[in-house]
Amino acid sequence: DGRGQPLSGKGGLPKLFRDTPEYSLFVGEAGAAYDWKEKVAGVTTEHKPLKLWIRQVLFLKPSAVIVWDRVDKVKPESVVRWHLNTRHPLGGNSITEGGSKADWTRLVGGPWTEWPLVLSREGGITSWRNQVDAGSPRSSDLFLNVLQCGPTGFTPEKVALVKCDGAGWAVQVGARRVSCTKEGVV
């Protein structure tokens with residue numbers, strides 16, 4: 001509905017956290033963070049634009065993070081956008097600052113845009129927003145992104161989305177492969 005996340009005080013709910021020597025996995029549900037209320041002529045109406053928003057963050061140690069989002073909307077025509085804010089422009093998919101390098105690979109989602117954000121009283125650019133649009137209207141939108149971080153000389157591993165038999169894909173990060181379905185990282 002274009003309103004974004006209101007300042008309602010609601011937030012997401014953690015559903016799962018697992019930590020092993022090879023990976024860490026966090027699963028959360030954040031659909032309620034976008035609920036809002038409106039009071040007109042003494043009548044309060046609750047608005048719940050999302051049926052579900054599941055985020056899974058899988059940290060493949062030591063340097064790759066897979067971020068998978070599934071957003072189920074009440075109105076299929078509602079626009080969903082995935083944001084990654086950075087201090088400097090990515091200019092595509094990589095940024096280096098302060099002795100560190102970050103690389104971003106977009107695997108599932110629509111077109112990408114980048115623009116400056118001005119969040120200071122002085123009016124200067126404070127950060128950059130990198131936005132992925134979901135694409136054409138549908139009741140469920142999926143986003144799949146891989147972030148890799150390391151020191152400035154770090155060479156990111158090759159990332160690919162591999163179609164699997166049945167109803168899913170695999171994310172290939174170097175020699176490691178992680179299976180995904182519309183239900184998430186498995």
Side-chain angles (χ1 to χ4, degrees), residues 12 14-31 52-73 79-117 127-186:
K15 298 291 187 180
L16 172 72
F17 179 76
R18 182 175 301 139
D19 187 34
T20 74
E22 296 83 29
Y23 70 89
S24 295
L25 173 66
F26 170 81
V27 179
E29 205 292 317
L52 175 80
W53 174 23
I54 296 288
R55 169 166 285 173
Q56 295 187 4
V57 180
L58 178 64
F59 174 35
L60 295 175
K61 298 175 182 178
S63 60
V65 178
I66 298 171
V67 182
W68 177 95
D69 287 291
R70 174 182 168 187
V71 182
D72 291 355
K73 304 171 290 188
V79 176
V80 174
R81 295 180 175 102
W82 191 91
H83 293 149
L84 174 66
N85 292 334
T86 58
R87 288 183 49 163
H88 300 286
L90 279 171
N93 69 338
S94 189
I95 188 170
T96 302
E97 180 181 349
S100 298
K101 178 180 179 181
D103 189 77
W104 172 32
T105 305
R106 300 169 303 282
L107 295 173
V108 176
W112 167 76
T113 55
E114 176 179 62
W115 69 89
L117 295 175
S127 61
W128 289 77
R129 171 158 288 167
N130 301 277
Q131 175 175 294
V132 178
D133 291 326
S136 56
R138 58 186 155 261
S139 59
S140 185
D141 290 321
L142 300 176
F143 297 90
L144 184 57
N145 294 274
V146 179
L147 303 163
Q148 297 182 72
C149 302
T152 300
F154 165 75
T155 301
E157 295 182 273
K158 183 178 177 186
V159 174
L161 183 63
V162 181
K163 181 74 175 153
C164 296
D165 293 336
W169 331 275
V171 176
Q172 185 86 33
V173 180
R176 298 172 289 180
R177 184 177 277 201
V178 177
S179 296
C180 300
T181 70
K182 70 174 190 167
E183 304 305 320
V185 176
V186 291

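In what follows, every heavy atom counts, from backbone to side chain, and hydrogens, waters and symmetry copies are set aside. Just so it is clear, the model here is predicted, and its values are computed rather than measured.
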Problem set entry | Intermediate values then yes/no, side chain to side chain contact (heavy atoms under 4.5 Å, CB included), Tyr23 and Arg18 | CA-CA 8 Å; Tyr23 70 89; Arg18 182 175 301 139; 3.3 Å; yes
Problem set entry | Rounded distance [0.5 Å steps], CG in Leu16 versus CD1 in Ile54 | 10.5 Å
Problem set entry | Qualifying salt bridge (charged side-chain N to carboxylate O under 4.0 Å, His left out) pairs with a residue from residues 146-157, counting only residues at least two apart or across chains | Glu157-Arg176
For this session: Could you note down all residue pairs passing side-chain hydrogen bond (donor to acceptor under 3.5 Å, both in side chains) where residues 142-153 supplies at least one of them, sequence neighbours left out?
Result: Trp104-Asn145
For this session: Could you list the residues that satisfy side-chain hydrogen bond (donor to acceptor under 3.5 Å, both in side chains) with Trp82, not counting sequence neighbours?
Result: Asp69
Problem set entry | Partner of Trp68 by side-chain contact (heavy atoms from CB on, under 4.5 Å), out of Leu142, Val146, Leu58, Val171 | Leu142
Seminar exercise, completed: side-chain contact (heavy atoms from CB on, under 4.5 Å) filter on Ala102, not counting sequence neighbours, yields Ile95, Cys149
For this session: Applying side-chain hydrogen bond (donor to acceptor under 3.5 Å, both in side chains), name anything that partners Thr86, two or more places apart in sequence or on another chain.
Result: Asn130
Problem set entry | Partner set under side-chain hydrogen bond (donor to acceptor under 3.5 Å, both in side chains) for Asp103, not counting sequence neighbours | none
For this session: With sequence neighbours excluded, tell me which residues meet side-chain hydrogen bond (donor to acceptor under 3.5 Å, both in side chains) with Ser140.
Result: Asp72
Problem set entry | Results of salt bridge (Lys or Arg N to Asp or Glu O under 4.0 Å) for Glu29 - residues two or more places apart only | none
Exercise. Quick one: salt bridge (charged side-chain N to carboxylate O under 4.0 Å, His left out) pairs with a partner in residues 58-67, sequence neighbours left out?
Worked result: Asp19-Lys61
Problem set entry | Approximate separation, where rounding is to 0.5 Å, of Phe143 CZ and Arg70 CZ | 13.5 Å
Problem set entry | From Lys101 atom NZ to Thr155 atom OG1, the distance as rounded to the nearest 0.5 Å | 6.0 Å
Problem set entry | Residues which pass side-chain contact (heavy atoms from CB on, under 4.5 Å) with Pro116, listed by chain and number, not counting sequence neighbours | Ile125, Trp128
For this session: Could you list the residues that satisfy side-chain contact (heavy atoms from CB on, under 4.5 Å) with Gln131, not counting sequence neighbours?
Result: Arg81, His83, Thr113, Trp115, Arg129, Asp133
For this session: Applying side-chain contact (heavy atoms from CB on, under 4.5 Å), name anything that partners Ser136, two or more places apart in sequence or on another chain.
Result: Arg138
Exercise. Quick one: CG on Leu161 to CD on Gln172, what's the gap to the nearest 0.5 Å?
Worked result: 10.5 Å
Exercise. Taking all non-hydrogen atoms of both residues, which atom of Ala64 and which atom of Val173 are closest, and how far apart?
Worked result: CB-CG1, 3.9 Å
For this session: Quick one: pull up NZ in Lys73 and OG in Ser139 and give me the separation to the nearest 0.5 Å.
Result: 7.5 Å
